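Okay, structure first, notes after.
A note on names: the letters A, B, ... follow the listed sequences, proteins ahead of strands, and every chain is numbered from 1. Here the structure is a predicted model, which means the values were calculated and not measured.
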Protein chains: 2
Amino acid sequence: MPEPLDDKLCFALYAASRAVTQLQRPMLDELGLTYPQYLVMVVLWEKRSLPVKDLAAALQLDYGTVSPLLKRLEAAGLLRRERRADDERSVLVALTDGGAALRARAEDVPGAVLCAMDLDDDEYHALLRAVQKLTESVSAPGAASRGRTPAAAATP
Amino acid sequence: MPEPLDDKLCFALYAASRAVTQLQRPMLDELGLTYPQYLVMVVLWEKRSLPVKDLAAALQLDYGTVSPLLKRLEAAGLLRRERRADDERSVLVALTDGGAALRARAEDVPGAVLCAMDLDDDEYHALLRAVQKLTESVSAPGAASRGRTPAAAATP
DNA sequence: CACGTTTAAGTTGTGCACAATTGAACTGCG
DNA sequence: CGCAGTTCAATTGTGCACAACTTAAACGTG
């Protein structure tokens, strides 16, 4: 029997996102990280240091989510936050030695995830691109009023 | 410059899921529903009535999420919860007239979403299937220890 | 029948997500 | 300079998401 949500891509994405997070949870638990915290660390391992604004942009999250998240990571000793001298509005997030050290313990997480996804390289990249394109279509300003409806939009 | 998360499908799904939810928020706001609440209503509009267990299974959520969510929908007058007479453990969730009436006001939500996604029918179904397959691969028990690593699993 | 086990649902506590608000620091322009 | 307007970040409040725990009903086996 067909279930009511089976044909909904929006639900499929929602379920997939949670399933992938669930998959990583046991591994991240050993590092003392949640999934969003892990994403912050992934960015920091590459960048060493960047403003909160850029970090929030990279994660596509707002300050209301990122601020307390960074506070917890700072309390765990994985990063530091310091106001910039040249612009006191901006706060720079910087990796600590403890944060850098965690990288080695996390290095096999992506492999395990890839493995569990059971996709070959082509499938992986095709799906990645399709999902990224979807995000862009849907995030574009006025997305809800465009698409296959070329009727006059409410932009006088 | 390549961003650290750009090659991560897990992040792409997480971002896409949130972007699609954001897209629907203004429409659902007018109905007084959050996105998970809307999903519950979608199921109820099809099924009229079902146990909490089945609803949680359909949404792939646990009781800890679903119980308070149903409480709020009941307070809003959209559904009723009643213990079954033949099995006092089970609670049946049933659509009220108010809940049924909301269906008409929500009917153009899926169309608007589809439209904003800017996908043709084939792309939509291909992506839907790919995402569903991924969820299944990743949700399968022991997913993290299988895949392209046929090494002995820790199942003595 | 009694007793341990399983099952359905709810509760508690932590941590996201996000809207709305606040506040401080920078900017632009007359 | 003065000050409206913008920008960066944090706070507050609501509602998920989920682990861990609790409660109560049904079941199974001796």
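- Between the CG atom of B:L70 and the P atom of D:dA17 there is a distance of 13 Å, given to the nearest Å.
- Between A:R83 and A:E88 there is no salt bridge, since no side-chain nitrogen of the basic residue lies less than 4.0 Å from a carboxylate oxygen of the acidic one.
- The distance from atom CG of A:L61 to atom P of D:dA10 is 14 Å, rounded to the nearest whole Å.
- For the residue pair B:R129 and B:Q132, no side-chain donor N or O sits within less than 3.5 Å of a side-chain acceptor on the partner.
- Counting any heavy atom pair closer than 4.0 Å across all strands shown, A:D87 reaches sugar-phosphate atoms only and no base atom.
- As a whole-Å value, the separation of B:L92 CG from C:dA8 C1' is 13 Å.
- Of all nucleotides listed (C:dG15, D:dA10, C:dG10), C:dG10 comes nearest to the side chain of B:S67.
- By the 4.0 Å N-to-carboxylate-O rule, A:K8 lies too far from A:E3 to be salt-bridged with it.
- Among D:dA25, D:dC16, C:dC18, the nucleotide with an atom closest to any side-chain atom of A:Y14 is D:dC16.
- Taking atom CD of B:E88 as the reference point, atom P of D:dC27 lies 12 Å away to the nearest angstrom.
- Residue A:R83 places no side-chain N or O under 4.0 Å from the OP1 or OP2 atom of D:dC8.
- Across D:dA10, C:dA17, C:dG10, the shortest atom-to-atom separation from the side chain of A:P36 is found for C:dA17.
- For A:T34 and C:dC16, the shortest distance from a side-chain N or O to OP1 or OP2 is below 4.0 Å.
- Side-chain atoms of A:R103 come within 3.5 Å of backbone N or O of A:W45 as a donor-acceptor pair.
- Counting to the nearest Å, the C1' atom of C:dC18 and the CG atom of B:D29 are 11 Å from each other.
- OP1 or OP2 of D:dA10 has not a single side-chain nitrogen or oxygen of A:R89 nearer than 4.0 Å.
- A sub-4.0 Å separation between OP1 or OP2 of D:dA17 and a side-chain N or O of B:T65 is absent.
- Rounded to an integer number of Å, the gap from NZ of A:K53 to P of D:dC8 is 4 Å.
- Across all strands shown, A:R84 has no heavy atoms under 4.0 Å from either base or sugar-phosphate atoms.
- Ion pair B:K133/A:E123 not flagged as a salt bridge, since none of the NZ, NE, NH1 or NH2 atoms sits closer than 4.0 Å to an Asp/Glu carboxylate oxygen.
- At the phosphate of D:dC16, OP1 or OP2 sits under 4.0 Å from a side-chain N or O atom of B:Q37.
- Between the P atom of D:dT11 and the CG atom of A:L69 lies a distance of 14 Å, rounded to the nearest Å.
- Spacing between atom OH of A:Y63 and atom C1' of C:dT21 amounts to 16 Å, rounded to whole angstrom units.
- Atom CD of B:E136 is surrounded by 12 or fewer heavy atoms from other residues, nucleotides or ligands within 6.0 Å.
- Nearest-nucleotide positions on DNA chain D for A:R18 and A:V66 put A:V66 closer to the 5' end.
- Each of C:dA19, D:dA9, C:dA9 was ranked by its minimum atom distance to the side chain of B:V52; first place goes to C:dA9.
- Using a 4.0 Å cut-off, some side-chain N or O of A:Q22 falls inside it from OP1 or OP2 of D:dA19.
- Regarding contacts with the backbone of D:dA9, a side-chain N or O of A:S90 is found under 4.0 angstrom from either OP1 or OP2.
- A sub-4.0 Å separation between OP1 or OP2 of D:dT11 and a side-chain N or O of A:K71 is present.
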